[in-house]
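Reading through the structure tokens given below for one structure.
Throughout, a chain's letter reflects where its sequence line sits, starting with A, and its residues are numbered from 1.
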Amino acid sequence: MSDPIVVEDIRPLLALIAPWFGLIGIMLAGEKRANLRELITFSAASVQVAVVLSMLPLVLGGSIIEFHIWQIFSYVPMLLRVDGPGLLFALVASILWIATTLYSIGYMRGLHEHAQTRFYSFFALSLSATMGVAFSANLLTIYFFYEMLSVSTFPLVTHMQDKEARTGGRTYLGYLLFTSLCLLLPALSWCYIWLDGGQMTMDFLADTGKIGYFSETTQIVLLFLFTYGFAKAGLMPFHSWLPGAMVAPTPVSALLHAVAVVKVGVFCVYRVYADIYGTEVLSKISGEEWAMILASATILISSLIALSQDNLKRRLAFSTIGQLGYIILGAAIATDRGQGGAVLHIAMHACGKITLFFCAGAIFVATGKKYVSQLRGLGRRMPITMGAFMIGSLSVIGLPPLGGFISKWYLALGALDRDAMWVVAVLLISSLLNVFYLLPVAVTAFFRSEDSEEGEESIKEAPWPCVVPLAFTALGCFALFFWSDALLKLAGVTP
Amino acid sequence: MENAIAWIFIFPLFGSVFVALSRYVNIKLAYPISVLSMAGALWAGVETLKQAMASPNHEISYLLGGWTLDLYPRGVGIEFRADLLASLIALIVLGVGLLVTVYSKIHVEKETPNKEAIYYSLMMLQITGLAGICLTGDAFNLYVLIEVAALTGYGLIAMGSNRAAAATYNYLILGTIGASLYLLGVGYLYIKTGTLNMVGIREVIEANGLAESATMQVAFVLIGVGILIKMAFFPFHAWLPNAYCNAPTTTSCLLAPLVTKVMIYVMIRMVLSVFGVEFSFESTIWVSWMPWLVVIAIVCAAFLALSQREIKRMLAYLIVAEVGYMVGGVWIYNYYGLIGSIFHIISDACMTLCLFLGAGIILHKCKTTHFDGLRGLFSKMPLTMIGFFIGGFSIIGLPPTCGFFSKWYLITGGMVSGRWEYLIVLMFSTMVMVILFFRLIERIHLAVDESGKNLGKGHGDLGLTKEQTRFDEAPLVMLIPLLIAASTVLIIGVYNQEVVNQIETFLQAYDLPTGVVYK
Amino acid sequence: MKLFSLIPVFVIGVLLLWAGQDFPKWGDVESPASKSPVSSHFIANTGVDTEVPNMVTAVLADYRGFDTMFETVVVFIAGMAVIAILRGSSVGRPRRKDHEVEAEPDLIVTNTVRLIVPVIQIFAFYVLAHGHVSPGGGFQGGVLMGASFILIALSWDLEKAMSRFPIERCLFVAAMGIVLYGGIGLLSMMLGGEFLDYAELEKILPVSREMARYHAMLGVEIGVGFTVAAIMFVLYANLASEGRLKQGL
Amino acid sequence: MGLEIFNTFILLLLVVVAVTSLWVKDLLVSAVVFGVYSFLMCLLWAEMGAVDVAFTEATVGAGISTVVLVATIFHLRRKSND
């Protein structure tokens, strides 16, 4: 691969600080001018999408965009760099932010939630951090934004301010900060002191594979520290924060805990596997086999747990854990196609899963129901919602012509590239399990006769701001399948 | 300005005397005089740092009384030496001093009525003492200045609540023991070296090969233990929490960020400049067991902090834990550990200042700092809370606050010298800090009481009246110092390289191990 | 508990004894402290540098004048701290009566004190002023001066002594002592030297550099004397009356 | 030789006095014994030729400190608990 052309440009920073301006505007508008506040959120999101999109041609043309913000240490800059996978992730996150904003308006107003200003403010902050992670050019920069994201999502998770929120918030921060401060920070420190005489930047582009200077044991230990240190990736046994965080309002669960936060975790892991270790080093050390096994175990176990969950959001949460396992698995396969599949899966799963969460939220807004067993016959009353749920489920399961198929396809190809048949088997089994825990929801809703309870007659679709985004993302699942060329190119996969 | 280093102590010294005299003219003058003289001192501190940075060997010598340095070992008079370390720490002392002086107006009028003049006077003498400790180059003069700082401390603490007197008594006894041990140690040094100048002592030690001398070893132990007592290192910490909690608010704001940190500075000064690296680390056995003591200290202090239900008391134990960090940073014996330790002195001063100023405001507005009284403070005083939690995040070590960077160097140091026990305990206490501060955030943010009972009616109702959650920010004279302190925490974090460069320039004069490097 | 606290005492005792093993001999002229160029400089050059015959005074007030200044400040702080702690602390607490004796001042005692106090005070001045030549100086002179007032307070009562030397005036005098000491230092700095470089005072005094040091030392000793005398009395007055400044013992 | 004996005697006495001042239950007695301690120190200083220090010890240690201690003790319970 020829060296990419490096372009100095401020646009990555703009994408980063657009939410900050949004934040100030949101704060100033306040609770009294709700419409203005939402308008500001919209415009911040639109600006972000526009900025990210405007970088697309350049990156597709083979160049990368860099922007130097600040010198963290004398030898480590805080450097933003837009390359294919980063841009893909940023695109997904920022486009879905717009959808989520619209959805939040319906959801939050529909439920008459409190402290909406705080909600929108911290939402914007989280998106800024997400952009930061997507565009980071070295390990320390990514760590900074990673921590910023942990802290800025805490008020969102504990939005309900009650006992449940406390438990959820404690688990959330406990896991995330424990892993990042106690596992990740020493690992980072270790790399930065010992490599290159302590003059190492751990740049994703320039320093790939340098970790091979360490002894094999050190490499393996570091690999584990990194994998578990980025606990947002939800790899078992550090996954319990994700179901715990489901106490948050649904838009938060949808965007942050199906797209932004968890994807930040897997994206970081991907960066470590693909750009710090690099396929070469990674396939030489035996630790990555273990990473694959752990990821596979996570996939299977979480799918099994998901089967037993009746609470719809918890079921989706465990499904998310499993799907994150795919991405880590793909990154750990250490072949170009496997890692490309991992990147693709970030986008594909995001689109599918956010649809499912939107639907769950819409059902809650319209009916107040949270459990799968309560959904009987709902399909006829809320056809759009449940139809979208069906599409989302199929995409997550991985059936063509939906986006989920492509990423799983490349994951399997990647596994075949290194003759890991058992990985393919894991993929197949887990897809089957996906069918078992996702399809019954839609099937229950459409084909089971409803309980004839009092007051059920009035149930109809959720408010339009809820329904439009979920229809949009459901259609997005198709779109991702048919227009996957650009994505493939961004992910660095040759079809 | 040629005599900037002298103005550092002249301003607060004369200021304090004039404040003490202001009662004969108009008591209202006390506050402005204090603020003005502290501002002057801060300016002198900045000048001194600039001069030290500009001078060729990165230090300036100021000879009090005008006696020359020519005579071996280093002259007959008293020397003030501002190398980069000294002038950095002195600058922090003066900066904290100015902020606390500005902050103190309302608290002093309320808590120590009719004693404002004496209060401000003692406060400025305290700062004189602490800044002097940083700058002096003479082992005995250091003792005198320690006494100045300690006595003013006793006075300032004892002016607090009813129980302050007993707390002061404990502090006084322990502090006196510590100072006496230090004095004995200096006496022994003089017996064996015949000089009191710090650099002179080191020169004689090196020239006469005194490393094996029993007297020197005992002197090292006496001085070391004396300073450990003064800095409230764990088994000797008993005086600190009571003293800081019962003291008047501004006293704790002034003493908490400075006293322990300045004593750690003294330890570093003793280890590097007086005894020398070789003697301290190679000829004594402290290196092998000090980190283990540090481990015990940090763990115990962390648990004690966890068991508190009152902000000021929690912060006091937190300081004890932080002292453990810094002492550990010195005794893991390497270059990065010392950078971390020195940087942590600076950042810890800033962040503890933040926290104590914030706690003082909470006390002023809510009349309590107990955890139960904190609900809804975010909507009541958002700016104060932002400042307070910037301090908290820095203590946890979240980027980009300065606490992250000092912790980074401490971790690096622990790794380079292979002191895993220190590293693990650092991680452990970081988690404790996370728990401490997010528990506080929970208590402020959530409508849940300690046992987990929901208090409000859901939907963010905190179970408080409208009156209690109304926007009611702290007075500007308190808010501005807090915000300046908070932004200093961030600024030092962002410009950490500027600070670290100075520390590195300072440390390059000493022969410290930097660890083996791969490649 | 008492036995327990003996342990550190013994540990430190053993440590100190152990340290003695390589001490120089008692009064050894070859010991580092005696042999060092610093000591020799004091012995040989004090007279040349400062014209002061008593080396100790020269070392205290000039060579190490900065220490002495802060020692004076320490005394000043002690007085202020005692006032700060005690003032208002006994409000509402009943005064203990168990050792109070209701009696007129004893005639013999008061008359003796009447005779002896002026002598003490003159002696105090002598000690202070003659410190350059003989043992003595600001601290000792100040303490003697303070003691004379304490004697008055002991033999009559506190109010009598305070009528001569009210607490407000005490503080003023104490502060003035520091201003005097620091002022001389500042003045010499203003005249172009370093802080406390008395020799620069030759520019305003009609004497040589050495004699300028000599006279400046007298000045700072007077400052020390002021502060110490006033603070000694403040300490006694406050401690003897629990900060009420009435009656006393 | 005579000086040696004198020194030893004074030093032994110092230890005895120090222990006594801790031992006695009556704080007033303790304070006075402490004065004695200072006086002995003063003798030692004088004997060593440090007349300045001896003078200071006499005025401050044996004089003012004792007075201040006694003045304070009059406002406390005279019996010590340990």
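With rounding to the nearest 0.5 angstrom, the CZ atom of C:F66 is 12.0 Å from the CG atom of B:L63. Note that CD1 of C:I77 is 7.0 Å distant from CG of B:L122, once rounded to the nearest 0.5 Å. Between C:L186 atom CG and B:I10 atom CD1 the span is 5.0 Å, to the nearest 0.5 Å. Considering CD1 of B:I146 and CZ of C:F70, their distance stands at 13.0 Å, rounded to 0.5 Å.
Both the backbone and the side chain of C:L171 come within less than 4.5 Å of a heavy atom of chain B. Using a 4.5 Å cut-off between heavy atoms, B:T193 contacts chain C through its backbone alone, with no side-chain atom that close. When heavy atoms are compared at a cutoff of 4.5 Å, B:L13 approaches chain C solely by way of its side chain, counted from C-beta outward. Looking at C:E200, there are no atoms closer than 4.5 Å to chain B (heavy atoms on both sides), in backbone or side chain. Residue B:F80 touches chain C through its side chain alone, counting heavy-atom pairs closer than 4.5 Å. Heavy atoms of B:V221 lying under 4.5 Å from chain C belong exclusively to its side chain. Contacts of B:T168 with chain C are absent, with no heavy-atom separation under 4.5 Å from either backbone or side chain. At a 4.5 Å heavy-atom cutoff, B:N208 makes no contact with chain C through either its backbone or its side chain. When heavy atoms are compared at a cutoff of 4.5 Å, C:L16 approaches chain B by way of both its backbone and its side chain. Contact annotation for C:S31: neither backbone nor side-chain heavy atoms come within less than 4.5 Å of a heavy atom of chain B. Of the two parts of C:Q21, only the side chain, counted from C-beta on, holds a non-hydrogen atom closer than 4.5 Å to a non-hydrogen atom of chain B. Both the backbone and the side chain of B:I191 come within less than 4.5 Å of a heavy atom of chain C. For B:I157, no part sits under 4.5 Å from any heavy atom of chain C, backbone or side chain. Using a 4.5 Å cut-off between heavy atoms, B:L222 contacts chain C through its side chain alone, with no backbone atom that close. Both the backbone and the side chain of C:L15 come within less than 4.5 Å of a heavy atom of chain B.
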CA sep, side-chain torsions, deciding dist, call: C:V73, B:T128, side chain to side chain contact (heavy atoms under 4.5 Å, CB included): CA-CA 11 Å; C:V73 171; B:T128 319; over 6 Å; no
message = side chain to side chain contact (heavy atoms under 4.5 Å, CB included), that's the test. Do B:K192 and C:D22 meet it? Break it down for me.
response = CA-CA 9 Å; B:K192 288 308 280 185; C:D22 60 343; 4.0 Å; yes
C:D62 vs B:W67, side chain to side chain contact (heavy atoms under 4.5 Å, CB included): CA-CA, chis, key distance, verdict | CA-CA 9 Å; C:D62 195 348; B:W67 299 104; 3.3 Å; yes
*asked:* Does B:F140 form a side chain to side chain contact (heavy atoms under 4.5 Å, CB included) with C:R64? I'd like the steps, not just the answer.
replied: CA-CA 10 Å; B:F140 182 76; C:R64 302 188 69 83; 3.6 Å; yes
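Annotation for C:V74 and B:L151: closest pair CG1-CD1, 3.1 Å, computed over non-hydrogen atoms. Contact record, C:M189 with B:Y62: SD-OH, 3.6 Å, taken as the closest heavy-atom pair. Of all heavy-atom pairs spanning C:V179 and B:F14, the tightest one is O-CE2, 4.3 Å. Nearest approach of B:A20 to C:M80, heavy atoms of both residues: CB-SD, 4.2 Å. Residue B:G194 comes nearest to C:S36 through the heavy atom pair O-OG, 3.0 Å, listed as atom of the first residue, atom of the second, then distance. What you find for C:I85 and B:A158 is that their closest heavy atoms are CG1-CB, 3.4 Å.
Atom OH of B:Y182 is surrounded by more than 12 heavy atoms from other residues, nucleotides or ligands within 6.0 Å. With a 6.0 Å radius and a threshold of 12 heavy atoms from other residues, nucleotides or ligands, C:F23 has its CZ atom above the threshold.
Interface summary for chain C: among B:G65, B:G155, B:G66, B:A219, the most heavy-atom pairs under 4.5 angstrom belong to B:G65. When the candidates C:K35, C:E168, C:M176 are compared by the number of heavy-atom contacts under 4.5 Å with chain B, C:E168 comes out ahead. Of the listed residues (B:Y24, B:Y119, B:Y188, B:Y190), the one with the most heavy-atom contacts under 4.5 Å to chain C is B:Y24. Counting heavy-atom pairs closer than 4.5 Å to chain C, the top-ranked of the candidates B:V204, B:T152, B:L184, B:T195 is B:T152.
Aromatic rings from C:F195 and B:F9 are positioned such that their centres are separated by under 6.0 Å.
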